Amino acid sequence: MWWGVAAALLANVLYSGGFVLEKRALAALPEVTIRRPVRLLRLVVGSPLWIGGSLALAAGFAAQLVVYRTLPIAAAQGIFVSGLVLLVLLSSLLLGEETSGRERYALGAILLALLMMVLSLRDGGAGADTVGREAPYPLILLVCVPSLAAGVWLYGRAERTARHRHRLPTTGVEYGVAVGLLYGVSSLAIKGVSSRLTADGIGGSVVGLLGSPYPYLLLFTGVFGLVMSQAALQRCRASLIVPVCTTVSCLFTAVLGTLSFGEALPDEPLRLALRVAGTVLAVAVLLAMPKHDPAPQPPPPTAAKELTRP
């Protein structure tokens with residue numbers, strides 16, 4: 001089980017580093033938009049820095065496959081949330097993004113939620129957590145298809161709202177929730193792929209995968225998630241949009257994934273309380289996130305006079 005914890009922490013490092021590299025690459029590119037996806041893809045693929053970030057994210061995907069074969073879904077999501085702290089540190093050091101006091105308190109709460117999740121784990125023995133392997137395909141589609149539609153709709157709504165004039169600058173919470181829904185579906189699909197990696201050899205695994213909805217869900221979330229996340233990441237702070245996206249994705253996967261794959265919650269009252277409290281705390285952090293950056297302050301009167309002096 002602790003191999004799964006190590007793989008989850010490695011995935012955090014890869015995901016955080018990948019997002020920061022992509023954000024730096026996007027800052028040097030012309031403005032991208034989901035209304036011109038081909039141009040967006042052409043621009044990002046031409047950036048070596050963005051390619052490096054994408055490779056880091058792909059390696060995080062591989063580490064996530066190991067995690068889902070060794071840890072229960074709910075516990076894995078609690079550990080994934082810890083990567084937000086590293087992301088904020090990297091955003092501050094490499095991107096020059098500043099976090100507010102409210103956001104720093106939120107990160108402290110996220111660390112507390114991580115600690116609760118780790119303490120809720122039990123290694124080995126009769127009381128060990130079970131790792132689900134199978135889920136009914138109709139149930140997976142019932143969970144994932146409406147979530148994908150809701151994510152695309154919410155993103156379009158955020159785009160329309162952002163174009164309104166005289167509006168406070170958005171922090172990206174709406175974008176983060178929308179992309180988080182897509183990544184939540186992607187996370188369930190990754191869990192499904194890991195369950196299809198059986199001992200029947202490569203041929204048996206490929207046949208099993210193609211007969212499941214998981215590769216097609218990954219294809220959809222990969223294409224749409226890529227376009228939507230890059231446009232949102234370019235115009236919003238990585239230190240806020242990625243934490244919101246991660247929180248939504250983790251909660252989605254922890255709750256619906258646990259139910260879909262039939263993973264039982266801990267039977268010991270203390271461990272159950274720790275896992276539930278960690279989930280509730282993560283939800284509270286998401287709700288407490290500010291939805292707007294402060295409005296830009298006008299220059300002082302003296303400075304304004306200097307600017308207008310001939």
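Hydrogens, waters and symmetry mates are skipped; everything else that's a heavy atom, side chains included, is used. As the structure is a computational prediction, the values presented were derived from the model and not from experiment.
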Side-chain donor/acceptor pairs under 3.5 Å, residues 43-50, sequence neighbours excluded:
{"residue": "Ser47", "atom": "OG", "partner": "Trp50", "partner atom": "N", "Å": "3.3"}
{"residue": "Trp50", "atom": "NE1", "partner": "Gln230", "partner atom": "OE1", "Å": "2.8"}

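A distance of 11.5 Å separates CZ in Arg42 from CG in Leu29, rounded to the nearest 0.5 Å. Between the CD atom of Glu159 and the CG atom of Leu154 there is a distance of 11.0 Å, given to the nearest 0.5 Å. Atoms SG and CG, from Cys144 and Leu256 in turn, are 8.5 Å apart once rounded to the nearest 0.5 Å. Separation of atoms CZ (Arg69) and NZ (Lys191) is listed at 8.5 Å; rounding is to 0.5 Å. The CG atom of Leu65 sits 6.5 Å away from the OG atom of Ser194 when rounded to the nearest 0.5 Å. Summarising the geometry, atom CG belonging to Leu182 is positioned 9.0 Å from atom SG belonging to Cys245; distances are rounded to the nearest 0.5 Å.
Linking Ile, Leu, Val, Met, Phe, Trp and Tyr residues whenever their side-chain heavy atoms come within less than 4.5 Å leaves Leu14 and Leu9 in two separate clusters. Leu141 is not connected to Val193 by any chain of hydrophobic side-chain contacts under 4.5 Å among Ile, Leu, Val, Met, Phe, Trp and Tyr, and they are in different clusters. If you chain together hydrophobic residues whose side chains sit under 4.5 Å apart, Ile51 and Phe19 fall into the same group. Follow the hydrophobic side-chain contacts under 4.5 Å out from Leu281 and you reach Leu274 in the same cluster. No single ILVMFWY cluster, assembled from side-chain heavy atoms under 4.5 Å apart, contains both Leu142 and Leu218.
A pairwise comparison of heavy atoms in Ile34 and Ala231 identifies CG2-CB, 4.0 Å as the closest pair. The two atoms that bring Leu217 and Ala189 nearest to each other are CB-CB, 4.1 Å, heavy atoms only. Considering every non-hydrogen atom in both Pro213 and Ile140, the closest pair reads CG-CG2, 4.4 Å. Ala11 and Phe80 make their closest contact through CB-CE2, 4.0 Å (heavy atoms, listed as atom of the first residue, atom of the second, distance). When all heavy atoms of Glu174 and Ala158 are compared, the pair lying nearest together is CB-CB, 3.7 Å. Pairing each heavy atom of Ser54 with each of Glu22, the nearest pair is OG-OE2, 3.2 Å.
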Checklist line | Residue pair Leu226, Leu41: steps toward the side chain to side chain contact (heavy atoms under 4.5 Å, CB included) verdict | finding: CA-CA 9 Å; Leu226 172 65; Leu41 293 174; 3.4 Å; yes
Next item on the list: Determine, step by step, whether Leu181 and Leu148 satisfy the side chain to side chain contact (heavy atoms under 4.5 Å, CB included) criterion, reporting the C-alpha distance in whole Å, the side-chain angles of both residues, the deciding distance to 0.1 Å, and the verdict.
Entry: CA-CA 7 Å; Leu181 287 174; Leu148 292 175; over 6 Å; no
Note to self: Applying side chain to side chain contact (heavy atoms under 4.5 Å, CB included) to Thr253 and Leu188, what does each step give before you reach the verdict?
What the structure shows: CA-CA 6 Å; Thr253 308; Leu188 284 187; 4.0 Å; yes
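In this model, a donor atom of one side chain and an acceptor atom of the other lie less than 3.5 Å apart for Ser187 and Gln64. In summary, the side chains of Thr246 and Tyr183 do not present any donor paired with an acceptor at a separation below 3.5 Å, with no hydrogens or angles considered.
Shown are Val179, Val32, Leu26; of these, the side-chain contact (heavy atoms from CB on, under 4.5 Å) with Leu233 is made only by Leu26. For the side-chain contact (heavy atoms from CB on, under 4.5 Å) with Lys23, the qualifying choice from Leu87, Leu95, Leu90, Ile241 is Leu95, the only one to do so.
Side-chain rings of Phe220 and Phe224 approach one another, their centers coming within less than 6.0 Å.
With a 4.5 Å cut-off on side-chain heavy atoms, Thr70 and Val5 do not count as touching. When side chains are defined from C-beta on, Phe261 does not count as touching Tyr68, because their heavy atoms never get closer than 4.5 Å.
Contacts of Tyr155 classified as ring pair (Phe, Tyr, Trp, His ring centres under 6.0 Å), with partners at least two apart in sequence or in another chain: Tyr175.
Annotation for Arg39: atom CZ counts as buried by contact number, over 12 foreign heavy atoms lying within 6.0 Å.
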